[in-house]
Number of protein chains: 2
Amino acid sequence: MTENDARGDASVTLPPQAGPSGAAAAKLARSIPEATVARLAVYLRMLGELAEQGAETVSSEELATATGVNSAKLRKDLSYIGSYGIRGVGYEVAALHHQIERTLGLDHQQAVALVGVGNLGHALAGYSGFGGRGFPVAALFDVDPDLVGIHINGILVEHVRDIARVCAERGVTIGMIATPGPAAQAVCDQLVRAGVECILNFAPVLLQVPEQVEVRKVDLAVELQVLAFHVARRRAAEAAPGANGAHGPVPATNGSAVLPR
Amino acid sequence: MTENDARGDASVTLPPQAGPSGAAAAKLARSIPEATVARLAVYLRMLGELAEQGAETVSSEELATATGVNSAKLRKDLSYIGSYGIRGVGYEVAALHHQIERTLGLDHQQAVALVGVGNLGHALAGYSGFGGRGFPVAALFDVDPDLVGIHINGILVEHVRDIARVCAERGVTIGMIATPGPAAQAVCDQLVRAGVECILNFAPVLLQVPEQVEVRKVDLAVELQVLAFHVARRRAAEAAPGANGAHGPVPATNGSAVLPR
DNA sequence: TAGTGTGAATTGCTTCACAGCA
DNA sequence: TGCTGTGAAGCAATTCACACTA
């Protein structure tokens, strides 16, 4: 996907990061493909697990297998952030974990605001994975008088009209929109006015934003429809064998990773 | 990229669909890029909205603008499913809607089973968008004794051990896994044993499946991390102007679409 | 010697630009 | 005349294959 897939301008320029390391700086000042950025996040999670298990090093082959990519792609991905491998040995788990964290900007926390605490929003607010991964939910908003004023996971639900003030106060950098479709654009405008420049959109609408604002869309209905397409294709292939149906390696690898309960 | 995004083998073969139309059959028996399949689902939703508003026809330009793609891409996408446009006029909304539905296999309902009705799973079970879009949730499963036996949205939560029997009985074709990571593989194996060949995975693990099974992964942590990367990049660009920071058109277009409350 | 880092080849997606039809 | 449908060009991402080094 894809999709997660498929975007117009796919690579981004990574300016030299403030911080240590001079040798790496020149290297970092290059373009990292968007697809690579998404995979780095996946590698990062696996490196965390490996570290917990006490592994000191991994080879590209091991890490690639564990994350469902091929090893050449993995090495190329890592080469975009610099050369931290040891030839003949592999990568030092802790060091690589740290480098990826730095590259993704996870070395400082990012406060997240969630707008819309209905069905899905409520689940997102209660998802413990965010805080643990450096994305503390700092504010919740809704318009429903039954919801405004309650606490979810210890966080007060405030009225949407206060978005600008509250986000500014708490240094929110990322907004998540989990409202019904018709409300999403207005909420988005509020977030943008509050200075938020990155938005994760769960509402089934195309958001209009100024060009400096980055939007990612998550659409579960589309995911299901893509799967439905595969079901249909398979059925047709079974009904009419002889036609070259499904085949070729079908790795269980797609857009990205996950969220448990 | 969307992923949604980045997959190994990207295009699929579409065998001739059973059903009417002989002229189209040859056309349909070709490969449709995965990226196109995902966008077709987006066009489909917009066509539904246009139909509700009473529109009879749309031009590629209008439909493209409304869905956030460029018109050449849209026309090429539609050309994969056949030639249903009228030169000088545009596309007939109802006919195109119907064709895309058929291509995606949405002309017959697909029963969905959801495993894991914790935080996220509960939200998914309550999401009204599925049933309305041809994906009725036909079964819910969990292992928690406090959950097994309750009803959510009128659907009984059953024990995971009954997956095989219940899925077979109800003709489930798509499974959604919203369990904690460690439980996901075992649940996946159960679904596969029950004959499910398409799985939407919300757990943060790489599922091992036989090659005929299609898996799509949705990982909210990865989405946030990709956004975090953009925040970091932007900050660095501001801190060090002169370096060529962000720029170029940044369309609010990514993997795919959405899910309201 | 095992395994990284990377130029070069390849594949597949996107965009262009225009011929052709209603 | 206006807009579709599509070959061809242009790009981005993946994969190959091997020089290189710890």
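Numbers restart at 1 for each chain; the letters A, B, ... are given by sequence-line order, proteins then strands. Just so you know, these numbers come straight off a predicted model, no measurement behind them.
One interatomic measurement links the two molecules: CD of B/E34 to P of C/dT14, which rounds to 12 Å at whole-angstrom precision. Atom CZ of A/R39 and atom P of D/dA13 are 9 Å apart (whole Å). Atom pair A/E92:CD and D/dA22:C1' shows a separation of 14 Å (rounding to whole Å applied). Counting to the nearest Å, the P atom of C/dG3 and the CG atom of A/L96 are 16 Å from each other. Spacing between atom CG of B/L78 and atom C1' of C/dT15 amounts to 16 Å, rounded to whole angstrom units. Here D/dG10 presents its C1' atom at 14 Å from CG of B/N70, a figure rounded to the nearest Å. Computed from coordinates, the A/K73 NZ to D/dA17 P distance equals 17 Å when rounded to whole Å.
Listed by chain and number, the residues in a salt bridge (Lys or Arg N to Asp or Glu O under 4.0 Å) with A/E92 amount to none (sequence neighbours excluded). The salt bridge (Lys or Arg N to Asp or Glu O under 4.0 Å) search around B/E62 returns none, not counting sequence neighbours.
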List the protein contact pattern of nucleotides 17-22 of chain C with one symbol per nucleotide (5' to 3'): B for base contact, S for sugar-phosphate-only contact, - for none; contact means a heavy-atom distance under 4.0 Å. B-BBBB
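Taking the nucleotide of DNA chain D with the nearest heavy atom to each of A/D77 and B/Y91, the more 5' of the two is matched to B/Y91. Mapped onto DNA chain D by nearest heavy atom, A/T36 and B/G90 fall at different nucleotides, with B/G90 at the one closer to the 5' end.
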At a cut-off of 3.5 Å, list every protein nitrogen or oxygen paired with a nitrogen or oxygen from nucleotides 9-11 of chain C, distance to 0.1 Å.
none

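Heavy-atom distances under 4.0 Å link DNA chain C to A/S59, A/S60 of residues 49-62 of chain A, given in residue order.
The two residues B/M46 and B/A66 have their closest heavy-atom pair at CE-O, 3.7 Å. Here the closest non-hydrogen pair linking A/K217 and A/A203 is CD-O, 4.3 Å. When all heavy atoms of B/L74 and B/A64 are compared, the pair lying nearest together is CD1-N, 3.7 Å. Closest approach of B/V192 and B/P210 over heavy atoms only: CG1-CG, 3.8 Å.
The side-chain heavy atoms of A/L206 and B/T67, taken from C-beta on, include no pair separated by under 4.5 Å. Side chains of B/V231 and A/E197 form no contact here, defined as non-hydrogen atoms less than 4.5 Å apart. B/L96 is listed as a side-chain neighbour of B/L63, based on a closest heavy-atom distance under 4.5 Å.
Considering A/I177, A/N201, A/L200 as possible partners of A/V215, the one that fulfils the side-chain contact (heavy atoms from CB on, under 4.5 Å) test is A/N201.
Of the side-chain N and O atoms in A/Y84, none sit less than 4.0 angstrom from OP1 or OP2 of C/dG3.
Between atom CG of residue B/L50 and atom OH of residue B/Y91 there is a gap of 14.0 Å, rounded to the nearest 0.5 Å.
Relative to the side chain of A/A35, the nucleotides C/dT15, C/dT14, D/dT14 differ in distance, and D/dT14 lies closest. Closest to the B/K76 side chain, of the nucleotides D/dG7, D/dG5, C/dG5, is D/dG7.
Residue pairs meeting the side chain to side chain donor-acceptor pair (under 3.5 Å) criterion with at least one partner in residues 46-59 of chain B, sequence neighbours excluded, do not occur; the list is empty.
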